[in-house]
Amino acid sequence: MKKIALITYIFLVSMASPSLGGEDSSLFSKGRKFARSSQKEFAYMQFRDIINNFPNSVHREQALFAAGEYYAALTDHLESKRIFEQFLAEYPDSKSKIFALAYLYKIAELGENTAPVEKLKTDIITIRQVGFVFRNSKELKYLSPLQHHYRAVIRIDRILIEKEGETLVELSY
C-alpha cells in the first residue's frame, strides 16, 4: 500500500507543471526562458510583474536584481540606482549583494560627488569577512535571472568584480 502511494506521489510530482508553484513562479520561469533566448525586454516584463504584483514572492529578490541590471544596460542610471538601493534595503544579506554594490559604485563614479563612491568602495571591501588561511583569494559566482555571469575575486589587497568576463569594478586597498 505504501509503495502505491509513493509511486502515485512520484508520478504526480514529475507531471506537475511549473505554473502549479503559483503565478509568480510561472512568471519567473517565463522570464528566465526569455532571457535565455536573448529577449531581455520580455524577460524584464515578467520580472517587473513579480515586483509589482507579488511583494511576498520567493522570486522577488532575483526579480529586483534583474530589473536593476536591465536598467543599467539601458544606461538609465537613476532607475537602476533606485532599484538596486531598494534591492539592498530589502535583501541586505543577499548572495548577489556585492554585484548590486558594484553597479551602484559604477553609477556613483559618473557623478561629481565623491562621497558616495568612497562609501560604496568601503561597503564592497567590508562586505565579506574572508579567511585566507590556506589560499590567497576567494571567488564568488552568480548567474543572474537575465542570464549574466558574474564573478568576484576577493584577494588580500584587491577585489575584482566581473560581468561576462569584463571588469565591472576593480578596487585596491
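When reading the values below, keep in mind they use all heavy atoms of this one structure, side chains included, and skip hydrogens, waters and symmetry mates.
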Hey, does the side chain of S29 reach the backbone of S25 with a donor-acceptor pair shorter than 3.5 angstrom? no
Does the S37 side chain pair with the main chain of K33, one donor and one acceptor, at a distance under 3.5 Å? yes
Same apolar cluster (I L V M F W Y, side chains within < 4.5 Å links), [X]/[Y]:
X: Y103; Y: L74; value: yes
X: Y91; Y: L120; value: yes
X: V117; Y: I159; value: yes
X: Y173; Y: I161; value: yes

Interatomic spacing from [atom1] in [X] to [atom2] in [Y] - rounded to 0.5 Å:
X: L140; Y: I154; atom1: CG; atom2: CD1; answer: 4.5 Å
X: L101; Y: E85; atom1: CG; atom2: CD; answer: 10.5 Å
X: I125; Y: L171; atom1: CD1; atom2: CG; answer: 5.5 Å
X: H149; Y: S144; atom1: NE2; atom2: OG; answer: 8.5 Å
X: D24; Y: N53; atom1: CG; atom2: CG; answer: 10.5 Å
X: R60; Y: I50; atom1: CZ; atom2: CD1; answer: 10.0 Å

Can you name the closest pair of heavy atoms from [X] and [Y] and give their distance?
X: F34; Y: A43; result: CB-N, 3.6 Å
X: A102; Y: V169; result: O-CG2, 3.5 Å
X: L168; Y: K106; result: O-CD, 2.9 Å
X: L88; Y: A100; result: CD2-CB, 4.1 Å
X: R155; Y: S137; result: CG-CB, 3.8 Å

Set out, in order, the CA-CA distance, both residues' side-chain angles and the distance that settles side-chain hydrogen bond (donor to acceptor under 3.5 Å, both in side chains) for E61 and S94, then state yes or no. CA-CA 8 Å; E61 175 182 349; S94 173; 2.5 Å; yes
Tell me every residue that passes salt bridge (charged side-chain N to carboxylate O under 4.0 Å, His left out) with E139, counting only those two or more places apart in sequence or in another chain. K141, R151
Please step through side-chain contact (heavy atoms from CB on, under 4.5 Å) for the pair E90 and L64, ending with a clear verdict. CA-CA 10 Å; E90 291 184 27; L64 274 170; 3.6 Å; yes
Could you tell me whether L78 atom CG has more than 12 heavy atoms of other residues or ligands within 6.0 Å of it? no
With a 6.0 Å cut-off (strictly less than), is the heavy-atom count around NZ of K121, excluding the residue itself, greater than 12? yes
From CA spacing to verdict: side-chain contact (heavy atoms from CB on, under 4.5 Å), F54, H59: CA-CA 9 Å; F54 300 95; H59 304 293; over 6 Å; no
Angle between ring planes, Y150 versus H148, binned at 30° and 60°: parallel, tilted or perpendicular? perpendicular
For F84 and F65, take the angle between the two ring planes, folded into 0 to 90°, and tell me which bin it lands in: parallel under 30, tilted 30 to 60, perpendicular over 60. perpendicular
Within a strict 4.5 Å, meaning less than it, do heavy atoms of the F99 and E69 side chains meet? no
Is there side-chain contact between F87 and S96, with at least one heavy-atom pair below 4.5 Å? yes
N52 and R48: side-chain contact (heavy atoms from CB on, under 4.5 Å), yes or no, with the steps? CA-CA 6 Å; N52 292 338; R48 182 195 59 207; 3.4 Å; yes
Could you tell me whether R82 and E79 have a side-chain N and a carboxylate O separated by less than 4.0 Å? yes
SB check D123 K119 (cutoff 4.0 Å): yes
Which residue, R32, K40, R36, forms the side-chain contact (heavy atoms from CB on, under 4.5 Å) with L146? K40
Any chance the rings of Y71 and Y44 have centres within less than 6.0 Å? yes
side-chain contact (heavy atoms from CB on, under 4.5 Å) evaluation trace for S80 with I107: CA-CA 9 Å; S80 182; I107 293 167; 3.8 Å; yes
